[in-house]
There are 2 protein chains.
Amino acid sequence: MPNPILLLNKAFDSRIRLGIMAILMTNERTDFNYLKETLELTDGNLASHISALEQANFIEVSKQFIGKKPNTTYKATPEGKEAFKKHIDGLEQLIRTDNL
Amino acid sequence: MPNPILLLNKAFDSRIRLGIMAILMTNERTDFNYLKETLELTDGNLASHISALEQANFIEVSKQFIGKKPNTTYKATPEGKEAFKKHIDGLEQLIRTDNL
DNA sequence: TAAAGTACTTTGAGATGCAAAGTTAATATA
DNA sequence: TATATTAACTTTGCATCTCAAAGTACTTTA
């Protein structure tokens, strides 16, 4: 059996980053407050995980105004979607492994 | 949508602990060296993850001698199996969530 | 007697996680 | 005009986690 750990992406070790990506896989575009409320995070904590995903080039950030209020939205990049899918595939292999 | 992060167990944030548990789900009993080689870990690193899972009461340790050599084996406890299954279910929900 | 194997524990450095507080820039309210 | 509020961070500082490498205790093999 090959090392099953290599199938998994270190960037998704965190439950929070996994949650963010899962949301961005099904919701093309999501804003800061939606993530914050859904995942029940403090501003700082969310911002830091977003920044980690951004640096990995897994999500893309857009800033705009809605009416008079600033609004920041996030979107998974093709690279991020690809990486997330691979991670999920890796998990599935890990679980289904009839290893021996 | 409820908070999807709550479906996941913090003890399984680590790829290594996930790998150990996955192996113990399909191999009733496994020893130190098998885990070490399969997961390509140093002794110390493996020992520390094992100890974390043991403290969570997710695995059980048995020490015996095979011939003249010490041999330590590990087994998932019912509690550990349950927790792992829940975690996997949580991941599945996270992924399949048609959230909105 | 020396080297090697088993299964650790310890050490120490670095990375990560987190809440809370501070920040910036804009708007809303008194 | 002064104050408050909102959005989205950034900074701080502490705690925890992760890891490799080295050390340990015991035994076996050369």
Side-chain angles (χ1 to χ4, degrees), chain A residues 3-6 8-21 23-24 27 29-75 83 87, chain B residues 3-6 8-21 23-24 27 29-75 83 87:
Chain A
N3 182 348
I5 289 175
L6 302 177
L8 305 176
N9 194 323
K10 185 149 207 214
F12 302 130
D13 261 14
S14 146
R15 291 177 338 302
I16 294 175
R17 289 193 295 275
L18 220 43
I20 294 171
M21 286 305 291
I23 289 173
L24 291 179
N27 301 277
R29 204 168 263 293
T30 303
D31 68 18
F32 191 87
N33 278 313
Y34 178 79
L35 291 174
K36 184 180 148 188
E37 278 153 32
T38 303
L39 304 174
E40 298 176 67
L41 301 171
T42 56
D43 289 10
N45 196 8
L46 173 56
S48 78
H49 284 289
I50 281 173
S51 148
L53 290 171
E54 203 190 345
Q55 272 180 296
N57 210 35
F58 288 173
I59 66 175
E60 207 183 270
V61 181
S62 315
K63 288 159 194 288
Q64 49 162 352
F65 277 83
I66 290 186
K68 305 289 178 65
K69 289 187 185 175
N71 181 265
T72 305
T73 57
Y74 307 97
K75 193 183 155 177
H87 185 80
Chain B
N3 181 349
I5 289 176
L6 302 177
L8 305 177
N9 194 322
K10 184 151 207 211
F12 302 131
D13 260 14
S14 145
R15 291 178 337 303
I16 294 176
R17 290 195 293 276
L18 220 43
I20 293 171
M21 287 304 292
I23 289 172
L24 292 178
N27 302 277
R29 204 167 262 294
T30 303
D31 68 16
F32 192 85
N33 278 313
Y34 178 78
L35 291 175
K36 183 181 147 187
E37 279 154 31
T38 304
L39 303 175
E40 299 175 68
L41 300 172
T42 56
D43 289 10
N45 195 8
L46 174 56
S48 78
H49 284 290
I50 282 173
S51 148
L53 290 170
E54 204 190 345
Q55 273 181 295
N57 210 35
F58 287 173
I59 67 176
E60 207 182 270
V61 181
S62 315
K63 286 158 195 287
Q64 50 163 354
F65 278 83
I66 290 186
K68 305 287 177 66
K69 290 186 184 174
N71 180 263
T72 306
T73 56
Y74 307 96
K75 194 182 154 179
H87 184 80

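Keep in mind that what you see is a predicted model, and the values were worked out from it rather than measured. Chain letters run A, B, ... following the sequence lines, proteins first and then strands; every chain starts at 1.
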Can you measure [X] atom [atom1] to [N] atom [atom2] for me and round it to whole angstrom units?
X: Lys63(B); N: dT9(C); atom1: NZ; atom2: C1'; answer: 11 Å
X: Ile5(A); N: dT18(D); atom1: CD1; atom2: C1'; answer: 13 Å
X: Leu46(B); N: dA7(C); atom1: CG; atom2: P; answer: 10 Å
X: Glu37(A); N: dA7(D); atom1: CD; atom2: C1'; answer: 12 Å
X: Gln64(A); N: dA8(D); atom1: CD; atom2: P; answer: 10 Å
X: Gln55(B); N: dC8(C); atom1: CD; atom2: P; answer: 14 Å
X: Leu39(B); N: dT18(D); atom1: CG; atom2: P; answer: 14 Å
X: Leu35(B); N: dT6(C); atom1: CG; atom2: P; answer: 14 Å

Using a cut-off of less than 4.0 Å, is there contact between a side-chain N or O of Tyr74(A) and OP1 or OP2 of dC9(D)? yes
Asn33(B) side chain N/O closer than 4.0 Å to the phosphate oxygens (OP1, OP2) of dA7(C)? yes
When we call it a touch if two heavy atoms are under 4.0 Å apart, what does Lys36(B) touch: a base, just sugar-phosphate, or nothing? nothing
Under 3.5 Å, is there a donor-acceptor pair between the side chain of Arg17(B) and the main chain of Ala11(B)? yes
Does the Asn3(A) side chain pair with the main chain of Leu39(B), one donor and one acceptor, at a distance under 3.5 Å? yes
Kindly give the heavy-atom pair with the smallest separation between Asp13(B) and Ser14(A), and that separation in Å.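 Looking at all heavy atoms of both residues, the closest pair is OD2-CA, 4.0 Å.
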Asn71(A) side-chain proximity, nearest of dA8(D), dA7(C), dC8(C): dA8(D)
Phe12(B) vs His87(B) aromatic rings, parallel, tilted or perpendicular, using cut-offs 30° and 60°? perpendicular
Tell me, do [X] and [Y] make a side-chain contact under 4.5 Å, heavy atoms counted?
X: Ile20(B); Y: Thr30(B); answer: no
X: Val61(B); Y: Thr72(B); answer: yes
X: Tyr34(B); Y: Ile23(B); answer: yes

Letter by letter from the 5' end, nucleotides 10-30 of chain C scores (B base, S sugar-phosphate only, - none; protein heavy atoms under 4.0 Å) -------SSSB------S---
